[in-house]
Each structure stands twice: as C-alpha cells, then as structure tokens.
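Structure first, commentary second.
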Amino acid sequence: MYKGNKIIAIIPARKGSKRVKNKNLYPFKNKPLIYHTIVETLKSKLIDKIIVSSNDLNIIKLSKKLKVSAPFKRPNNISGDRSTASEVVNHCLDWLNDKNNENYDYIIYLQPTSPNRKVMDIDNALKIAINKKINTLVSATKLNFPYEWAFSLKSNQNF
C-alpha cells in the first residue's frame, strides 16, 4: 500500500508466441524470462498483491513455486495473440472481485518481456503515478541500436 492506495501487480504470461516458442519460459540469464519480473516485483514494498495471469500450466506452476498467486488458468478466448491488455486486466479484476470481493486503487501491468526492470523502476513508476494523480503511465527506453534489431533473433542466440 502506498499513501492509502491498494495496489495490485498483474503479470500477463500466455503460452503462445508466434516468433519464440514458450517465450515466457525461455532462458534469460539462466532463468525463465518471467522469473525476472516475478522476483523484482516481489521486492516491492508498495504492492499489495501480485497475480500471474496465464493459460500455461508450467507458468502457473513456476509462479506458485516462487510464492506468487496464479489462482486461475486464463481462458483461451483472452489468451491469443490478438487479446488485449484490457481483457486480461478486466478478467483478473473481475475474478478477484467475484471470488474474494477484492478491489484495488492502482494496477501495475508488468510484462515478462522486460526482464531488466528492477524493483526501483516499479516503485518509482507507482510513486509518480500516485503522487501526480496520473491515470496511465507507460515505460519507454532509449535503444543503443537500430530498433529493427529488436525484432530479430537468430536460432542459436540468447537474448
């Protein structure tokens, strides 16, 4: 909780990926990609609850092993490559409200595809949003290479 605001972190991690098979479980620094987001989020003192939303039983199992809630298997109709963040967030919040009568003031949506994000980044983003009463905050970074390179991965190359 921060300044009286109840905060939930939602980590979306679906099974399918068009370009990298099992992307969210793909090794990055010798750990599954999603591992890095979960571990850094767990370090936050501001977040009241962390939920992993997935349709992948292996991701759900890993989340629970790391002591993070993954209380449901995400329905297939919101697990495709055209599914939106809004659908995932609404499903999660509706599920929590229906099952536990839980409601939150702030949602932080942390995609596993940003494995270098640190707890300091998460907490600073939350503080900025709450202190400045911002409804939506999106992170961005300067690339040190042409953006086209971000979309290519050789079959034998790690991230």
Given side chains that start at C-beta, do those of [X] and [Y] come closer than 4.5 Å, heavy atoms only?
X: K31; Y: L62; result: no
X: V68; Y: T41; result: no
X: K127; Y: L46; result: yes

(Q) For a side-chain contact (heavy atoms from CB on, under 4.5 Å) check, start with the C-alpha distance between K3 and N131, then their side-chain angles and the critical distance, and finish with the verdict. (A) CA-CA 9 Å; K3 292 192 172 184; N131 291 337; 2.8 Å; yes

Could you measure the distance from the [atom1] atom of [X] to the [atom2] atom of [Y]? Nearest 0.5 Å is fine.
X: I8; Y: I51; atom1: CD1; atom2: CD1; result: 5.0 Å
X: Y109; Y: C92; atom1: OH; atom2: SG; result: 10.0 Å
X: Y106; Y: I47; atom1: OH; atom2: CD1; result: 14.0 Å
X: S83; Y: N55; atom1: OG; atom2: CG; result: 9.0 Å
X: I10; Y: L96; atom1: CD1; atom2: CG; result: 7.5 Å
X: K15; Y: K23; atom1: NZ; atom2: NZ; result: 15.0 Å

Q: Run the numbers on N58 and L25 for side-chain contact (heavy atoms from CB on, under 4.5 Å), then give the verdict.
A: CA-CA 8 Å; N58 291 319; L25 294 171; 3.8 Å; yes

Do [X] and [Y] sit in one hydrophobic cluster, given that two such residues count as connected whenever their side-chain heavy atoms are within less than 4.5 Å of each other, even indirectly?
X: Y26; Y: I59; value: no
X: L66; Y: L110; value: yes
X: I38; Y: L126; value: yes
X: I60; Y: I50; value: no
X: I130; Y: I128; value: no

Least distance between heavy atoms, [X] atom then [Y] atom:
X: L57; Y: K73; answer: CD2-CD, 4.1 Å
X: H91; Y: I78; answer: CB-CD1, 3.4 Å
X: S114; Y: T37; answer: O-OG1, 4.1 Å
X: K29; Y: N116; answer: NZ-OD1, 3.2 Å
X: L33; Y: P112; answer: CG-O, 3.4 Å
X: R117; Y: I122; answer: CD-CG1, 3.5 Å

Q: Could you list all the salt bridge (Lys or Arg N to Asp or Glu O under 4.0 Å) pairs where at least one residue sits in residues 94-110, not counting sequence neighbours?
A: K49-E102

Look at the side chain of [X] and the backbone N and O of [Y], then say whether any donor-acceptor pair between them is shorter than 3.5 Å.
X: N97; Y: N103; value: no
X: D48; Y: I7; value: yes
X: R74; Y: S79; value: no

Q: Go through the structure and list residues passing side chain to side chain contact (heavy atoms under 4.5 Å, CB included) with N77, not counting sequence neighbours.
A: P75

Q: Taking atom NZ of K6 as the centre, report whether more than 12 heavy atoms of other residues, nucleotides or ligands fall under 6.0 Å from it.
A: yes

Q. For M120, does the CE atom have more than 12 heavy-atom neighbours from other residues, nucleotides or ligands under 6.0 Å away?
A. no

Q: With sequence neighbours excluded, tell me which residues meet side chain to side chain donor-acceptor pair (under 3.5 Å) with K118.
A: none

Q: Give me the ring orientation class for F28 and H36: parallel if the planes are under 30° apart, tilted from 30 to 60°, perpendicular past 60°.
A: perpendicular

